[in-house]
Asker: 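First the structure, then my questions, so here it is.
So that the names make sense, note that chain A is the first sequence line, chain B the second, and so on, each numbered from 1.
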Number of protein chains: 2
Amino acid sequence: MAQRNQLKYIILGLLSEKKLTGYDITKAFDSDIGEFWSANHSQIYPLLKRLEDDALITHELELVGEKLEKKLYSITSAGKTVLREWLSEPTPEISATKDEFILKLYFIHSADDPLLLPMLTEQHQLHQAKLTHLKNQMSRKFPDETSQNNLGHFLILQHAIQRETRYTAWLQDIIDKVSR
Amino acid sequence: MAQRNQLKYIILGLLSEKKLTGYDITKAFDSDIGEFWSANHSQIYPLLKRLEDDALITHELELVGEKLEKKLYSITSAGKTVLREWLSEPTPEISATKDEFILKLYFIHSADDPLLLPMLTEQHQLHQAKLTHLKNQMSRKFPDETSQNNLGHFLILQHAIQRETRYTAWLQDIIDKVSR
DNA sequence: GCCTTCATGTAAGAAGTTACATGATTTC
DNA sequence: GAAATCATGTAACTTCTTACATGAAGGC
């Protein structure tokens, strides 16, 4: 997606909660945000510089140990405005969910294709593992049933769990039919 | 996703079924494949040239009317091998589903945020429309219950319908809770 | 005749991936 | 002292989007 620079808004969104280093932001894609977006540090560091040039964020230096200087970034009021504007805009596009397995499946024309069953079981295992991971995340982050502090985070986790539950059930259903 | 050139395999996959022009391939992304991948003609035409350089496809010219020459592409046996290899490879990555609405939702922390309800209703409408479209596609392409000719296509349509059904139900559920 | 669709390309630039590169701090 | 993690960057390259550009054929 070489377009609206959504990564920019993710960074602004994260910084609107607390001050973070580039490294912290990079790590966020391994956990929370990783469920629905990805980014590498080589993309993040240059963008942080650009956002600072545009005065949407600033940084202060924090000394760690004796020599290492961390750059602690924080959002400016201009940055908050830009973030809020983005949130306020309509989101009229449903982007195609680029799923390589689904792509491959499209080109399997017959239930007799020997590739089909291995593909299905591989994916079932993957999505089952993901589902387990998501459920762990849920019980770690929202142990009591009231999703008090962060509604959005709760909802996207709930959504991801439902999606993976549905995905694994669908795969299982095909596996049952194919192997019968 | 600047990586494994999956578009290449989509083109090979489409051409393994029948001869197509670049224009036909472009159009395929408006219907069938559009459910789970996107591409513009400006990406397709240069890639067709590259694939022909690599001898994975060839073309013949077909005269339309008096002057217009269409390039009808077809897959070579080398191309078929490459396609089959791709299908045989494991697909061990679940790519993050980049959904801008989910992204925005992540940064809505409270049920009291005035942006929440409009966002939800907008998305509900969008996904409801998509669901209707998908169901129409299904009944147009697979009118009888046996999915005889093209299993893969049937399954991905089924998957998309389930996904959108789940998505709209999830949104409706939140709307009910928020507006109560 | 006019408008829509068919048909094929190129150019510029943004976004994203993979690899290269370096060094400090913490933990065991 | 070694290994893992913290921390920040750049370079090269591919992919993808948006816009520019042109012209033929078909339907009304």
Asker: Tell me the interatomic distance from A:Leu61, atom CG, to D:dG9, atom C1', rounded to whole angstroms.
Answerer: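 Computing the A:Leu61:CG to D:dG9:C1' distance gives 15 Å.
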
Asker: Starting at CD of B:Glu62 and ending at C1' of C:dT8, how long is that distance when rounded to a whole Å?
Answerer: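 After rounding, the reported distance stands at 15 Å.
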
Asker: What do you reckon, is NZ of B:Lys130 surrounded by more than 12 foreign heavy atoms closer than 6.0 Å?
Answerer: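 Buried by this count: over 12 neighbours within 6.0 Å.
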
Asker: Check whether the side chains of B:Asp24 and B:Thr21 place a donor and an acceptor atom closer than 3.5 Å, and report yes or no.
Answerer: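 The criterion, which ignores hydrogens and geometry beyond distance, is satisfied for B:Thr21 and B:Asp24.
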
Asker: Report the distance from atom CZ of A:Arg4 to atom P of C:dA15, rounded to the nearest whole Å.
Answerer: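 Taking atom P of C:dA15 as the reference, CZ of A:Arg4 is at 11 Å.
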
Asker: Does atom CD (A:Glu17) have a neighbourhood of more than 12 heavy atoms from anything else shown, all under 6.0 Å?
Answerer: yes

Asker: Applying salt bridge (Lys or Arg N to Asp or Glu O under 4.0 Å), which residue pairs with at least one partner in residues 158-180 of chain B are found, sequence neighbours left out?
Answerer: B:Asp173-B:Lys177

Asker: Are A:His153 and A:Leu157 packed together at the side-chain level, in the sense that at least one heavy-atom pair is separated by less than 4.5 angstrom?
Answerer: yes

Asker: Ring-plane angle category for A:Tyr73 and A:His59, please: parallel below 30°, perpendicular beyond 60°, tilted otherwise.
Answerer: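 Plane angle between 30° and 60°, so tilted.
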
Asker: Using whole Å, report how far NZ of B:Lys70 lies from C1' of D:dA24.
Answerer: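 Distance, rounded to whole Å: 12 Å.
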
Asker: Rounded to whole angstrom units, what separation is found between the CZ atom of B:Phe29 and the P atom of D:dT15?
Answerer: 14 Å

Asker: Taking 4.0 angstrom as the limit, do A:Asp113 and B:Arg84 come out as a salt bridge?
Answerer: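 A salt bridge links A:Asp113 with B:Arg84.
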
Asker: Around atom CD of B:Gln125, are there more than 12 heavy atoms from other residues, nucleotides or ligands closer than 6.0 Å?
Answerer: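 No, the 6.0 Å shell around CD holds no more than 12 heavy atoms from other groups.
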
Asker: Tell me the bend of the helix from C:dG1-D:dC28 to C:dC28-D:dG1 as the angle between end helix axes, each from five pairs, rounded to the nearest 10 degrees.
Answerer: 40°

Asker: Does anything in residues 31-46 of chain A form a salt bridge (Lys or Arg N to Asp or Glu O under 4.0 Å)? List the pairs, not counting sequence neighbours.
Answerer: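 Pairs touching residues 31-46 of chain A that pass the test: A:Asp32-A:Lys141.
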
Asker: Check each of A:Lys71, A:Lys70, A:Lys19 against A:Glu60 using the side chain to side chain donor-acceptor pair (under 3.5 Å) test, and report the only one that passes.
Answerer: A:Lys19

Asker: Could you state the atom-to-atom distance from CD of B:Gln6 to P of C:dG16 in whole Å?
Answerer: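 Answer to the nearest Å: 15 Å.
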
Asker: Determine whether the side chains of A:Ser16 and A:Lys80 contain a donor N or O and an acceptor N or O closer than 3.5 Å.
Answerer: no

Asker: Does the side chain of B:Asn5 get closer than 4.0 angstrom to OP1 or OP2 of D:dT15 through an N or O atom?
Answerer: yes

Asker: Does anything in residues 11-23 of chain B reach DNA chain C, meaning a heavy atom under 4.0 Å, and if so which residues?
Answerer: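 Correct list: B:Thr21, B:Gly22, B:Tyr23.
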
Asker: When you check every protein heavy atom under 4.0 Å of nucleotides 23-28 of chain C, what one-letter string (B, S, -) results, 5' to 3'?
Answerer: -SS---

Asker: Do B:His159 and B:Phe36 have ring centres separated by under 6.0 Å?
Answerer: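 Ring centroids of B:His159 and B:Phe36 are no less than 6.0 Å from each other.
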
Asker: Considering only heavy atoms, which members of residues 40-57 of chain A lie under 4.0 Å from some atom of DNA chain C?
Answerer: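 A:Asn40, A:Ser42, A:Gln43, A:Arg50, in order of number.
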
Asker: Using whole Å, what does the distance between atom P of nucleotide D:dA7 and atom NE2 of A:His59 come to?
Answerer: 15 Å

Asker: Between B:Lys71 and B:Lys27, which is nearer to the 5' end of DNA chain C once each is assigned its nearest nucleotide?
Answerer: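 Residue closer to the 5' terminus by nearest nucleotide: B:Lys27.
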
Asker: Does a sphere of radius 6.0 Å around CD in A:Glu93 hold more than 12 heavy atoms from other residues, nucleotides or ligands, not counting ones at 6.0 Å or beyond?
Answerer: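 No - once you tally the heavy atoms of other residues, nucleotides and ligands closer than 6.0 Å, there are 12 at most.
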
Asker: Tell me: OH of B:Tyr73 to P of C:dT8, nearest whole Å?
Answerer: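 So the two atoms are 8 Å apart, to the nearest Å.
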
Asker: Quiz question: by atom type and distance under 3.5 Å, do the side chains of A:Asp99 and A:Tyr167 form a donor-acceptor pair?
Answerer: yes

